[in-house]
Amino acid sequence: MAASRTEILRMLAEMARLTALDEGSPQSFKARAYEAALAGIEGHPGELTGLSKTELTKIKGVGNSIAEKILEFDTTGTVRKLEELRAKYPPGFVELTRVPGLGPKTLKMLRDRLGVVDVDSLKEALDAERLRELPGMGEKSEEKIRRALERLGMHGKDRRTPLVEVYGLAHSLAARLGDLPGVVEAVPCGSIRRFSDTIGDVDIVVATTDPVVVMNEVANLPHLSELIGSGETKTSFLTHEGLQVDVRAVHPDQFGSALLYFTGSKVHNIALRQRAIDRGWLLSEYGLFEEEKVVASVTEEDLYAALGMEYVPPPLREGRGEVEAAAGDRLPRLIRREDIAGDMHYHSDRSGDGRSSLEEMVEAAIEAGYRYVAFTDHGEDLTINGSSREEMLAHRDRIRQLDDRYPEIDLLFGCELNIGPDGSLDYDPGFRLEFDWCVASIHSHFDLPAEQQTIRVLKALSDPAVNAIGHLTGRYVGRRPGVELDVDAVLEGLATTGVALEINGALDRLDATDEVARRAMAAGVDVVIDTDSHHTRELIRMDYGVRWAQRGWVTVDRVLNARPIEEIRARVAARR
DNA sequence: GCCGTTTTCGGCCCGACTGTTTTCAGTCG
């Protein structure tokens, strides 16, 4: 039997989790070794199955022992060591690690001294007031754990929230703190700044000469439901939705190092700190130090430069090879918002779910600085939102008229075709070729087997009218997983046909994923970064799409809509 | 468990806050 890449990653993640528990600390070197191997493999593009032990140990973070475990897992389907750990720490006990405030040390003590093995037995021990008998524990600890248990499942330590649900809140909170007296700047950091599609909690760093004012403001925010902790420079609280927010105040002179530290990721930070150590320095949120002397601290640019690296944009800071690349001046020229020349997935109220008129959408596009835009209203197969042939042809006339009226922008008559369960598309082949540009996307039948989904998408992209595949999996972050398909097969299809992979900037979609985008780069597939706007206020999604693409290491030379319209037209023509 | 332009052994990122303690361990990020 051969284990898939995903299964191997999951196995290593479980090994890391259980080893941390067994060793009594997530900082345990063994646990971190598993995490390092996990990161190394995630950054390793190729297949894993079939690799020899020697080849496996060439992967960063994978040594003899982990290579053997991967081989064992690949051939037998399990790992003896993992089975032992599972027996020692059954799921009910592991569940307890999700309780905020309960770490491995405390959990071990609870089990050894009080026989606590799961949530129920923990509750019994709490009711009997037995925890306070233990060293280091008291009445307050009992109360804290009791409260944490009550809201377990609502927001355990490992709960991730879709970015779309917190993005607005985080920025409005930062804006509010930014207006306080003494505050120079307030910025959401952490996974929000790295632009991860899900986030654990909200981290806001405030540059201020007067941290007391900031801490007071935070303690009295209307969003605050429960105060978790508050000190002179740091306050943590839960919102009414159960989201944890950490606000940290630093002196403006230390803002760069604070931003760097609180943006993470953890893996990225550790790598930077290691670089500092290699130079005999120390890097913390307060700055880069040589003994007592500050080497750099005011801006992130200063810090990277001092460490002998190119500046690393936040979306890249995931420990996926960016540290090595930046140190060797090998960071790719990533796509940037100012490179974008147009939007190739764009709706008007011709679509049933469109909310702004053609004129409004054209003017919004001009306002955004675009040189061209493709209107891609839904085809007839989406019965509620789509348009008939007659409607589409009338629509085309209006687009041509507007194209004449607005010489500063080129308007394309396009369509968002619906990919049926069998890969079929709207209209007929001849009519489809009437369009200047077509994006084809999945809108239903999300549960078909992966093999069928792959055939479905491959069939759609083989149609000469199709120029891009929209929101590849149809996922909604945190709500709908999206279709399963053979990504490599699809990428190969895209590469051979010259059809582009869309990176959809809608915050709840962010589809294709950053991971797929990166594989697309390796496979020689071009992308289009689109907003899929249905309203003039959705054009901001281009910022999101670009940052998401950066997470996928998408380079400017591979983005179709960073090129002149003539090149896009030529590409469409060449395909027919 | 991994790793080596000082090392095949002895290291492995750094600091705030809490609760329980009089100096610190545990947890978290």
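This is a predicted model, so every value here is computed, not measured.
- Of the candidates B/dT27, B/dG29, B/dC2, B/dT27 carries the atom nearest the A/T106 side chain, counting heavy atoms from C-beta on.
- The closest side-chain donor-acceptor pair between A/R160 and A/T198 falls under 3.5 angstrom.
- Nucleotide B/dT8 forms no Watson-Crick or G-U wobble pair with any nucleotide shown, as no partner meets the under 3.5 Å limit on both distances.
- In summary, A/R113 and A/E133 do not engage in a salt bridge, as defined by a charged side-chain N under 4.0 Å from a carboxylate O.
- Within the 4.0 angstrom heavy-atom criterion, no nucleotide atom of any strand lies near A/P135.
- Atom CE of residue A/M15 and atom OH of residue A/Y34 lie 3.0 Å apart, to the nearest 0.5 angstrom.
- Here the two rings, on A/Y261 and A/Y286, have centers that are 6.0 Å apart or farther.
- When the P atom is compared between B/dT5 and B/dG1, the two are found 23 Å apart, to the nearest whole Å.
- For the pair A/I145 CD1 and B/dC28 P, the interatomic distance rounds to 11 Å; values are reported in whole Å.
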Reading 5' to 3' through nucleotides 11-19 of chain B, protein heavy-atom contacts under 4.0 Å coded B for base, S for sugar-phosphate only, - for none: -BBBSSSSS

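- Residue pairs satisfying the side chain to side chain donor-acceptor pair (under 3.5 Å) criterion with at least one member in residues 307-319 of chain A, sequence neighbours excluded, are listed as follows: A/R194-A/E318, A/E300-A/Y311, A/E300-A/R317, A/Y304-A/R317, A/Y311-A/R317, A/E318-A/R551.
- Straight-line distance between the P atoms of B/dC28 and B/dT23: roughly 25 Å, to the nearest whole Å.
- At the heavy-atom level, A/K69 lies under 4.0 Å from the strands shown only through sugar-phosphate atoms.
- Comparing B/dT21 with B/dG26, their C1' atoms sit 13 Å apart, to the nearest whole Å.
- The residues A/K234 and A/D246 are annotated as not salt-bridged, no charged nitrogen and carboxylate oxygen being separated by less than 4.0 angstrom.
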